Amino acid sequence: MGKKVVIIGAGVSGVSAGIYALQAGYSVEIYEKNKMPGGECTGWNRQGYHIDNCIHFLVGCNKDEQLYKMWENLGVISDSLKIYREPYFYCMNMDGITLHLWSDLEKARKEFLELAPEDYKELNLFFDCAKTLECVKPPCDYSIAHMNPLQFIKLGMSMKDASKAINEYGKQSIEEFVNRFKNHYIRAMFKNYFNSNFNALSLVASYAFFTSNTAAIPEGGSVGLVGRMLAKFESLGGKLHLGINIVKINIVDSQVVSILGNNGEVIKSDNYIWCADPHYLFYNLIDEKYLDKNLRYMYDNPQGYVSNTCYQVAFGIATEEDLKLPKGSIIFPCDEYDVAGETHNFCGMRVFDYDETLFPMEKRVIQCNILQNDENYAYWFRLKNKISLYNQEKQRLADDLRLRIEKKYPQLEGKLIVLGTYSPVTFTTWCNAYKGGYMSFNPQKGYKNKYVKSTIKGLNNLYLASQWIQTSGGLPIAAASGKFAIDIMKSSR
Ligand SMILES: Cc1cc2nc3c(=O)[nH]c(=O)nc-3n(C[C@H](O)[C@H](O)[C@H](O)COP(=O)(O)OP(=O)(O)OC[C@H]3O[C@@H](n4cnc5c(N)ncnc54)[C@H](O)[C@@H]3O)c2cc1C
């Protein structure tokens with residue numbers, strides 16, 4: 001068609017938009033501020049170890065689903081690619097008792113019921129609801145924000161089995177959900193994975209991703225996923241420019257006429273797609289008057305829409321010995337420690353040992369990821385202004401966590417090397433992420449899911465993609481948002 005599309009941001013949404021635009025016959029160039037593509041879906045090497053920053057699980061790894069087809073089209077998944085399926089969502093070890101949210105739902109139900117027969121009714125409800133939520137998948141055919149009534153009804157019908165779970169848990173916080181159970185261990189299991197103000201439905205729905213076999217990890221992790229997407233993009237003729245920060249957007253008569261790179265390059269195109277955090281666009285590069293009404297509502301109601309962010313530390317395990325560590329994600333009680341002024345008494349860690357190409361026996365990694373909210377972000381942001389204190393605090397926390405892991409697993413004593421620590425501010429620096437958000441907004445009790453259009457009212461040739469088009473975010477939403485932006489752009493030609 002000879003029409004040119006310029007994409008800003010080479011995260012998963014940007015490269016996805018690039019592939020769909022090329023497949024629709026456009027010529028495409030992507031501009032990315034970092035020296036490497038991937039955005040938040042990234043990983044890096046430290047001291048010979050690999051730190052996978054992103055994929056704990058990728059939804060869409062089940063062949064029968066529409067999402068699988070999207071990942072296949074983007075080059076992310078193929079029949080020949082190895083997929084790692086974890087035995088459980090997460091487990092808890094406490095006082096010698098281990099509880100697992102097994103991917104095999106009936107196995108988990110049995111384990112939970114044996115431990116807590118007094119919670120028979122609530123446990124059965126939880127597992128029954130998880131089963132019914134297996135039909136819920138992030139949408140990838142049509143953008144919910146642009147759906148016509150018929151498409152909306154079709155979506156509603158496809159999720160009708162989930163209505164019981166949505167009614168039961170959709171308006172409940174984790175804290176309220178936990179209070180439904182009597183057993184001390186069941187309460188601890190559900191209380192200490194997500195933050196207490198999270199919506200209970202996120203916990204049940206995330207578990208359902210495991211029981212329905214859609215959540216898994218493709219070989220090569222986050223870097224592998226992005227690398228395969230980029231190979232597809234380039235094989236179709238797309239061009240990627242790295243290390244160019246877009247610092248200005250020039251608008252004349254409701255049209256973007258050019259954008260400016262920090263290297264002074266003036267970039268002209270017929271269409272532009274913003275595939276990065278929209279807060280940065282609307283509050284730094286274009287007039288706030290263009291702001292989507294749903295996004296504005298979420299920015300204006302931070303008590304209802306909390307950004308998901310985290311403090312992270314990665315440890316290398318300096319031995320080839322089989323240390324008999326648990327698989328995947330585990331939580332356990334520990335001595336108290338403070339993070340951003342709040343006291344914690346549980347530790348969550350994840351063992352990275354499943355993918356030989358990234359984590360061979362002599363290079364296994366443990367990461368702790370402590371969920372942080374807006375207030376915690378403000379704490380880290382203030383601290384970052386005093387860089388030595390900021391670094392000291394990150395290191396202090398890493399040491400505290402190392403001691404707690406070593407106490408729990410004495411076989412690790414003296415074998416953990418701190419590879420790196422990351423605060424919520426890291427994601428702002430790396431990706432211009434609003435409040436360090438690594439997923440999109442997390443709606444709190446009483447606040448509804450919101451959807452953001454790919455179009456911008458008042459601007460004819462600038463479109464939006466990114467995980468922020470939908471609450472919760474994540475890789476499937478980011479990738480689908482790229483497709484939606486191209487679908488809408490094609491239809492508005
Ligand atoms: C620790 C962590 C764990 C996660 N775990 C999972 C998981 O297990 N499963 C899952 O599905 N998701 C997970 N996610 C979320 C997932 O990484 C994101 O949803 C997804 O990568 C977001 O993609 P995006 O394209 O919307 O945005 P981004 O990744 O933010 O990409 C935007 C890109 O735009 C660039 N950019 C910004 N401003 C400019 C500018 N002015 N000029 C040029 N370029 C610019 C940025 O540098 C960035 O590369 C995790 C994220 C993190 C950080």
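When a ligand or atom number is given, it counts from 1 through the structure's own listing order. The structure presented is a predicted model; accordingly, all values stated were derived computationally and were not measured.
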**Student:** What is the closest protein heavy atom to atom 19 (O) of ligand 1, and at what distance does it sit?
**Tutor:** Gln467 OE1, 2.8 Å

**Student:** Please work out, at 4.0 Å between heavy atoms, whether the side chain, the backbone, both, or neither of Asn432 comes within that distance of ligand 1.
**Tutor:** side chain

**Student:** Within ligand 1, which atoms have a heavy atom of Ile55 less than 4.0 Å away?
**Tutor:** 8 (O)

**Student:** For ligand 1, which atoms sit closer than 4.0 Å to a heavy atom of Cys41?
**Tutor:** 17 (O), 21 (O)

**Student:** Among protein heavy atoms, which sits nearest to atom 36 (N) of ligand 1, and what does the distance come to when rounded to 0.1 Å?
**Tutor:** Ala276 CB, 3.8 Å

**Student:** Cation-pi check for Tyr297 against Lys450: NZ or CZ below 6.0 Å from the six-membered ring centre and within 45 degrees of the axis, yes or no?
**Tutor:** yes

**Student:** By number and element, which atoms of ligand 1 are closer than 4.0 Å to a non-hydrogen atom of Trp430?
**Tutor:** 47 (O)

**Student:** Is Asn34 in polar range of ligand 1, meaning some N or O pair under 3.5 Å apart?
**Tutor:** yes

**Student:** What's the separation between atom OH in Tyr20 and atom CG in Asp487, rounded to the nearest 0.5 Å?
**Tutor:** 8.5 Å

**Student:** Mark yes when over 12 heavy atoms from residues, nucleotides or ligands other than Glu375 sit less than 6.0 Å from its CD; otherwise mark no.
**Tutor:** no

**Student:** Applying a strict 4.0 Å limit to heavy atoms, is Ala433 in contact with ligand 1?
**Tutor:** no

**Student:** Applying a 4.0 Å heavy-atom criterion (strictly less than), which segment of Asn53 is in contact with ligand 1: side chain, backbone, both, or neither?
**Tutor:** both

**Student:** Check the surroundings of atom OH in Tyr280: do more than 12 heavy atoms from other residues, nucleotides or ligands lie under 6.0 Å from it?
**Tutor:** yes

**Student:** Pick from Tyr88, Phe89, Trp102: which one makes a ring pair (Phe, Tyr, Trp, His ring centres under 6.0 Å) with Phe210?
**Tutor:** Phe89

**Student:** Is any side-chain N of the basic residue among Glu393 and Arg396 closer than 4.0 Å to the acidic one's carboxylate O?
**Tutor:** yes

**Student:** Provide, to 0.1 Å, the distance between atom 9 (N) of ligand 1 and the closest protein heavy atom, together with that atom's residue and name.
**Tutor:** Phe57 O, 2.9 Å

**Student:** Nearest heavy atom to atom 24 (P) of ligand 1 wins, so pick from Ser13, Ser440, Pro37.
**Tutor:** Ser13

**Student:** Ion pair present between Asp141 and Lys483, side-chain N to carboxylate O less than 4.0 angstrom?
**Tutor:** no

**Student:** Out of all atoms in ligand 1, which are within 4.0 Å of some heavy atom of Gly474? Include the element for each.
**Tutor:** 11 (O), 12 (N), 19 (O)

**Student:** Is Asn308 close to Leu371 at the side-chain level, that is, under 4.5 Å between some pair of heavy atoms?
**Tutor:** no

**Student:** Would Gly261 count as a contact of ligand 1 if the rule is a heavy atom under 4.0 Å away?
**Tutor:** no

**Student:** Can you tell me which residue and heavy atom of the protein come closest to atom 20 (C) of ligand 1, and the distance to 0.1 Å?
**Tutor:** Leu475 CD2, 3.9 Å

**Student:** List the closest protein heavy-atom neighbour of atom 52 (C) of ligand 1: residue, atom name, distance to the nearest 0.1 Å.
**Tutor:** Tyr438 CD1, 3.2 Å

**Student:** Is Ile477 in contact with ligand 1, taking contact as a heavy-atom separation below 4.0 Å?
**Tutor:** no

**Student:** I need the atoms of ligand 1 closer than 4.0 Å to a non-hydrogen atom of Phe427, numbered in the order shown.
**Tutor:** 53 (C)

**Student:** Taking only non-hydrogen atoms of Asp277, do any sit less than 4.0 angstrom from ligand 1?
**Tutor:** no

**Student:** Kindly confirm or rule out an N or O of Tyr280 lying under 3.5 angstrom from an N or O of ligand 1.
**Tutor:** no

**Student:** For ligand 1, does Cys275 get within less than 4.0 Å through its side chain, its backbone, both, or neither, judged by non-hydrogen atoms?
**Tutor:** backbone

**Student:** Could you tell me whether Met439 and ligand 1 have an N or O pair separated by under 3.5 Å?
**Tutor:** no

**Student:** Please could you name the atoms of ligand 1 that Cys431 approaches to less than 4.0 Å, counting only its heavy atoms?
**Tutor:** 30 (O), 37 (C), 46 (C), 47 (O), 48 (C)

**Student:** Between Lys327 and Asp353, does any NZ, NE, NH1 or NH2 come within less than 4.0 Å of an OD or OE carboxylate oxygen?
**Tutor:** yes

**Student:** Taking NZ in Lys394 as the centre, count heavy atoms belonging to other residues, nucleotides or ligands within less than 6.0 Å. Is the count above 12?
**Tutor:** yes

**Student:** Name the closest protein heavy atom to atom 23 (O) of ligand 1, giving the residue it belongs to and the distance to 0.1 Å.
**Tutor:** Ala478 CB, 3.6 Å

**Student:** Considering only heavy atoms, does Tyr31 approach ligand 1 within less than 4.0 Å through its side chain, its backbone, both, or neither?
**Tutor:** backbone

**Student:** Looking at atom 6 (C) of ligand 1, what's its closest protein heavy atom, distance included?
**Tutor:** Cys54 O, 3.5 Å

**Student:** With a 6.0 Å cut-off (strictly less than), is the heavy-atom count around NZ of Lys232, excluding the residue itself, greater than 12?
**Tutor:** yes

**Student:** Pick one of side chain, backbone, both or neither for how Tyr434 approaches ligand 1, counting any non-hydrogen atom pair under 4.0 Å.
**Tutor:** neither

**Student:** Within ligand 1, which atoms have a heavy atom of Asn245 less than 4.0 Å away?
**Tutor:** 40 (C), 41 (N), 42 (N)

**Student:** Is there any N or O on Trp274 that sits under 3.5 Å from an N or O of ligand 1?
**Tutor:** no

**Student:** Tell me, which protein residue and heavy-atom name are nearest atom 35 (C) of ligand 1, and how many Å apart are they?
**Tutor:** Glu32 OE1, 3.2 Å

**Student:** Does NZ or CZ of Arg350 lie under 6.0 Å from the centre of the six-membered ring of Phe352, at an angle within 45° of the ring axis?
**Tutor:** yes

**Student:** Would you mind checking if Glu234 and Lys239 are paired as a salt bridge, meaning a charged N to carboxylate O distance below 4.0 Å?
**Tutor:** no

**Student:** When Tyr463 is tested against each of Ser492, Ser454, Ser481 for side chain to side chain donor-acceptor pair (under 3.5 Å), which residue passes?
**Tutor:** Ser492

**Student:** With a 4.5 Å limit on heavy-atom distance, are the side chains of Ile370 and Gln312 in contact?
**Tutor:** no

**Student:** Charged N to carboxylate O below 4.0 Å: is that the case for Asp374 and Lys435?
**Tutor:** yes

**Student:** Please tell me if atom 42 (N) of ligand 1 is touched by the protein, where touching means a protein heavy-atom distance below 4.0 Å.
**Tutor:** yes

**Student:** Identify, by atom number and element, the atoms of ligand 1 in contact range of Gln312, meaning under 4.0 Å from any of its heavy atoms.
**Tutor:** 1 (C)

**Student:** Is the closest side-chain heavy-atom distance between Asn53 and Phe427 below 4.5 Å?
**Tutor:** yes

